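Numbering of ligands and ligand atoms starts at 1, following listing order. Because the structure is a prediction, the values reported are computed rather than measured.
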Amino acid sequence: MKLIFIGPPGSGKGTQAKQLAERHGIPHISTGDMLREAVAEGTELGRQAAPIMASGGLVSDDLMVGIIKERLAKPDARNGFILDGFPRTLQQAEKLDGIVAGNGVEPLKVLQLLVPDETIVKRIALRRSCPQCGAVYHLEHNPPAKDSVCDRCSTALVARPDDNETSVRKRLDAFHRQTMPVVSHYRSKNAVYDVDGQGPIGEIFERIEKTLAQG
Ligand code: AMP
């Protein structure tokens, strides 16, 4: 399975993509997670990306394509992968098509999670994540067992620096202007599967599995 997860920020694509990758035994490749790791480690990439991410802007296509090309060349991605957060622009999509073309016959599929903007703005205000292991919670729909502490590693949970309303509105704007053309690009190849991203996490997961099995 070579799958691209597309959805607005806070649509639950990270949560769903992680579960799906585990179920199918393929890597979950999240460019947002890779960048956050680089920021936490203080690498040159992290230093460049941090202010862009905090403001809700997009890191340059050249940088992102380089990161993904290197990641997809690793042996664990040979039999499939789930991309989460990439491609985010038409240029990234075209570059990705070129990278994947030399990499076996299986075509890319795109799973689009549909969630309205106003639901996103409300959801993101209640999102918390673990700075240590990356687990993501929602204070109402998927709360940690103990207040503000990660279930897996007991680290204090934090709100992501880019999960404030100004940044979220900017990320939504970038999504509509720059990422929706990616959906159109793959729709013209009949590769897009739309799934309603509203409701309980388990139900959305079942919808995704069912949609992919039919496709
Ligand atoms: P995410 O966790 O996918 O919401 O990504 C968090 C932030 O990382 C985004 O708001 C961007 O600033 C940056 N980012 C992640 N993936 C990409 C990408 N493919 N292209 C450009 N910027 C990205």
Side-chain angles (χ1 to χ4, degrees), residues 3-21 27-41 43-72 77 81-100 108 110-113 115 117 119-121 123-131 133-138 157-183 185-186 197:
L3 190 66
I4 298 170
F5 252 75
I6 291 189
S11 58
K13 62 185 187 322
T15 303
Q16 298 292 341
K18 240 180 248 173
Q19 278 189 36
L20 197 67
H28 165 232
I29 301 176
S30 156
T31 43
D33 285 352
M34 290 163 93
L35 291 173
R36 279 183 288 278
E37 241 167 64
V39 172
E41 285 168 6
T43 64
E44 175 57 27
L45 168 67
R47 275 198 325 102
Q48 283 184 39
I52 302 171
M53 293 169 76
S55 75
L58 290 184
V59 175
S60 81
D61 287 338
D62 281 352
L63 214 51
M64 297 312 301
V65 168
I67 292 173
I68 274 297
K69 192 168 181 187
E70 205 174 284
R71 180 63 187 88
L72 292 181
F81 48 78
I82 297 182
L83 291 180
D84 164 7
F86 186 98
R88 253 184 165 89
T89 66
L90 194 52
Q91 207 203 342
Q92 291 181 12
E94 285 166 351
K95 289 274 163 65
L96 175 67
D97 292 348
I99 295 169
V100 170
L108 284 167
V110 174
L111 195 127
Q112 180 176 219
L113 271 185
V115 182
D117 284 7
T119 308
I120 294 290
V121 174
R123 261 195 205 178
I124 276 189
L126 294 178
R127 176 157 77 173
R128 297 290 180 274
S129 61
C130 174
C133 74
V136 181
Y137 300 87
H138 184 279
L157 299 176
V158 296
R160 272 170 47 171
D162 56 348
D163 276 354
N164 58 77
E165 186 167 344
T166 313
S167 167
V168 169
R169 296 240 178 237
K170 191 167 166 198
R171 284 152 67 204
L172 279 170
D173 184 55
F175 176 75
H176 290 296
R177 279 188 304 109
Q178 291 174 276
T179 308
M180 283 313 284
V182 174
V183 177
H185 169 76
Y186 287 110

Heavy atoms of T179 and P87 approach each other most closely as CG2-O, 4.2 Å

Practice task
Look only at the side chain of S11 and the backbone of V115, and say whether a donor-acceptor pair between them is shorter than 3.5 Å.
Solution key: no

Contact region, V59 to ligand 1, non-hydrogen atoms below 4.0 Å, reads both

Honestly, for M53 the part within reach of ligand 1 (heavy atoms, under 4.0 Å) is both

Original post:
Quick one: does P9 get within less than 4.0 Å of ligand 1, heavy atoms only?
Top reply: no

Write out the residue and atom name of the closest protein heavy atom to [atom], then the distance separating them to 0.1 Å.
atom	value
atom 9 (C) of ligand 1	R88 NH2, 3.7 Å
atom 11 (C) of ligand 1	G57 O, 3.4 Å
atom 16 (N) of ligand 1	T31 OG1, 2.8 Å
atom 14 (N) of ligand 1	L35 CD1, 3.5 Å

Answer yes or no: does an N/O atom from [X] fall short of 3.5 Å to an N/O atom of ligand 1?
X	value
G85	yes
D162	no
Q92	yes

Applied to residues 167-180, the salt bridge (Lys or Arg N to Asp or Glu O under 4.0 Å) test, sequence neighbours excluded, yields E118-R169, D162-R171, D163-R171, E165-R169, D173-R177

H138 meets the ring-ring contact (aromatic ring centres under 6.0 Å, His included) criterion, sequence neighbours left out, with H141

Spacing of [X] atom [atom1] and [Y] atom [atom2] [to the nearest 0.5 Å]:
X	Y	atom1	atom2	answer
I6	M180	CD1	CE	8.0 Å
L58	M53	CG	CE	10.5 Å
L96	I4	CG	CD1	5.0 Å

Carefully, step by step, assess R88 and M64 under the rule side-chain contact (heavy atoms from CB on, under 4.5 Å).
CA-CA 10 Å; R88 253 184 165 89; M64 297 312 301; over 6 Å; no

Near R160 (heavy-atom distance under 4.0 Å), the atoms of ligand 1 are 1 (P), 2 (O), 4 (O), 6 (C)

